[in-house]
Amino acid sequence: MSLREWLPWLVLFLALLRRGSRGVAAAGKVPAVIVFGDSSVDTGNNNFIPTIARSNFWPYGRDYADGLPTGRFSNGRLATDFISEAFGLSPCIPAYLDSNLTIDQLASGVSFASAATGLDNATAGVLSVITIGEQLQYFREYKERLRIGKGEAKADEIIGEALYIWSIGTNDFIENYYNLPERRLQYTVAEYEAYLLGLAEAAICDVHSLGGRKMDFTGLTPMGCLPAERIGNRDNPGECNEDYNAVARSFNGKLQELAARLNKDLPGLNLVYADTYKILAAVVDKPADYGFENAVQGCCGTGLFEAGYFCSFSTSLLCENANKYVFFDAIHPTEKMYKIIADTVMNTTLHVFL
């Protein structure tokens, strides 16, 4: 065979070799995905605390691997599960409070998140869930468990090279600020944004002081377009609440500024801002372009207000195919939408860690 005939095969071989080595490097660079936040990333921690903010019952999890509920507020996996898998790690991030799991099972990824929580402790207090401060305390406990179980050098490697994902803030507005009077009496919207950003900065600095360096902070989605917020839109019922969306965009802009400043101020920090607003807004605007038929209602019940236990009360109205829906309940996306979000985040921001 001549050199000319060999050349295409050689190019293909080198391309495959390069792709394979890149995958190994990626897995090595990110040995674990560690998650803080709310129901968008809670993989079951609320199953183990006394709160009604739970989803460990059918129809949640109906499209999960074994068809059983896990505590994820979706019909299947979350965006963080897909991101973990993309880094060559577990396709399902475990919940820290699951006492059946060993430190070996938690070493490659763990979620400390709690549905219905926020950066503001008052938000967590609404439904008695885990505060961000308590999540950080669990992280300190986790770090010590790693040291005991894996040895100091390995623990330091995991903590130092892990990817930390933050997905939190929506509940502070729709569950707390706009739903209860206390914070509105204390702060204007802009002042409350500044208050939350100060709490976010403190949390990031806390993890940095404990050894975390690679971080992703997810921005707010167009929260005014959640089915529950559409139905609650007094000025224009059934339509997106554009005032809420404007707040999300404002907060996201300031979050980007915070990320840029902290990257300069904190040694070794690589903090990226993940824009999930644009992709969800695009899907809601033209759902058919992404393979969806319904972006106004959730799959569960009427799809307008049901979430949590209300979904279990209205299973007779459950949609047949959740893949046709952007939202599974009146607040949370379907697994298909979470996959789109994960792909977008990986392609636009997290590729820097590959």
Side-chain angles (χ1 to χ4, degrees), residues 30 33-38 40-41 79-80 83 111-114 117-124 131-137 139 159-160 162-178 183 186-224 243-281 341 344-346 348-353:
V30 177
V33 174
I34 298 173
V35 184
F36 302 94
D38 55 27
S40 61
V41 288
T80 42
I83 289 170
S111 174
F112 301 104
S114 178
T117 200
L119 290 161
D120 185 350
N121 284 349
T123 304
T131 67
I132 193 65
E134 289 167 335
Q135 291 184 38
L136 291 167
Q137 187 56 43
F139 173 59
I159 295 298
L163 170 62
Y164 298 84
I165 296 179
W166 307 82
S167 182
I168 193 168
T170 299
N171 292 326
D172 290 309
F173 290 101
I174 64 174
E175 184 182 308
N176 185 356
Y177 189 83
Y178 287 115
R183 290 308 191 208
Q186 291 178 292
Y187 304 106
T188 64
V189 172
E191 289 169 343
Y192 193 56
E193 287 177 0
Y195 175 64
L196 295 179
L197 289 163
L199 296 173
E201 178 176 354
I204 292 166
C205 290
D206 200 351
V207 171
H208 179 269
S209 72
L210 293 167
R213 292 296 181 268
K214 301 173 182 176
M215 301 189 202
D216 157 85
F217 210 113
T218 303
L220 304 185
T221 58
M223 55 190 179
D243 289 339
Y244 286 12
N245 288 347
V247 170
R249 292 192 298 271
S250 171
F251 183 83
N252 289 345
K254 295 170 183 177
L255 183 58
Q256 287 177 274
E257 294 173 0
L258 174 65
R261 178 169 60 80
L262 291 180
N263 279 327
K264 293 179 181 178
D265 293 346
L266 298 180
L269 179 66
N270 188 355
L271 171 62
V272 298
Y273 161 78
D275 186 352
T276 55
Y277 186 100
K278 289 180 182 177
I279 182 58
L280 190 54
I341 291 172
T344 302
V345 171
M346 285 297 301
T348 59
T349 57
L350 299 189
H351 67 276
V352 301
F353 298 121

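Everything numeric here is computed off the predicted structure, so don't read it as measured data. The first residue in the sequence is number 1, and the count goes up from there.
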So how far is it from [X] [atom1] to [Y] [atom2], rounded to the nearest 0.5 Å?
X      : Y      : atom1 : atom2 : result
Thr218 : Ile341 : OG1   : CD1   : 9.0 Å
Leu255 : Glu193 : CG    : CD    : 10.5 Å
Thr80  : Ile34  : OG1   : CD1   : 13.0 Å
Leu350 : Asp216 : CG    : CG    : 5.0 Å
Leu210 : Leu136 : CG    : CG    : 8.0 Å
Leu258 : Ile204 : CG    : CD1   : 5.5 Å

So if I apply the side chain to side chain contact (heavy atoms under 4.5 Å, CB included) rule between [X] and each of [options], which one comes out positive?
X      : options                        : result
Leu266 : His208, Arg213, Glu201, Met215 : His208
Tyr164 : Val33, Leu271, Val207          : Val207
Asp120 : Asn171, Thr131, Leu196, Ile168 : Leu196

Aromatic rings Phe36 and Phe112: how do their planes relate, parallel, tilted or perpendicular, breaks at 30° and 60°?
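Phe36 vs Phe112 ring planes: parallel.
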
Does the plane of the ring in Tyr187 sit parallel, tilted or perpendicular to the ring in Tyr195? Use 30° and 60° as the thresholds.
parallel

Grab the two heavy atoms, one from [X] and one from [Y], that are nearest each other, plus how far apart they are.
X      : Y      : result
Gly169 : Leu220 : C-CD2, 3.6 Å
Pro222 : Leu280 : CD-CB, 3.9 Å
Ala248 : Thr221 : CB-O, 3.5 Å
Thr117 : Ala124 : OG1-CB, 3.4 Å

Considering only heavy atoms from C-beta outward, does the side chain of [X] approach that of [Y] to under 4.5 Å?
X      : Y      : answer
Leu199 : Ile132 : no
Met223 : Val247 : yes
Val41  : Trp166 : no
Asp275 : Thr348 : no

Using modelled atom types only, decide if a donor and an acceptor are shared between the side chain of [X] and the backbone of [Y] within a distance under 3.5 Å.
X      : Y      : result
Asp38  : Gly118 : no
Asp172 : Leu119 : yes
Thr276 : Gly219 : yes
Ser250 : Ala246 : no
Asp206 : Ala202 : no
Tyr177 : Val189 : yes

Could you walk me through whether Glu257 and Tyr273 pass the side chain to side chain contact (heavy atoms under 4.5 Å, CB included) check?
CA-CA 9 Å; Glu257 294 173 0; Tyr273 161 78; over 6 Å; no

Could you check whether atom NZ of Lys254 has more than 12 heavy atoms from other residues, nucleotides or ligands sitting under 6.0 Å from it?
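Atom NZ in Lys254 is packed in, count exceeds 12.
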
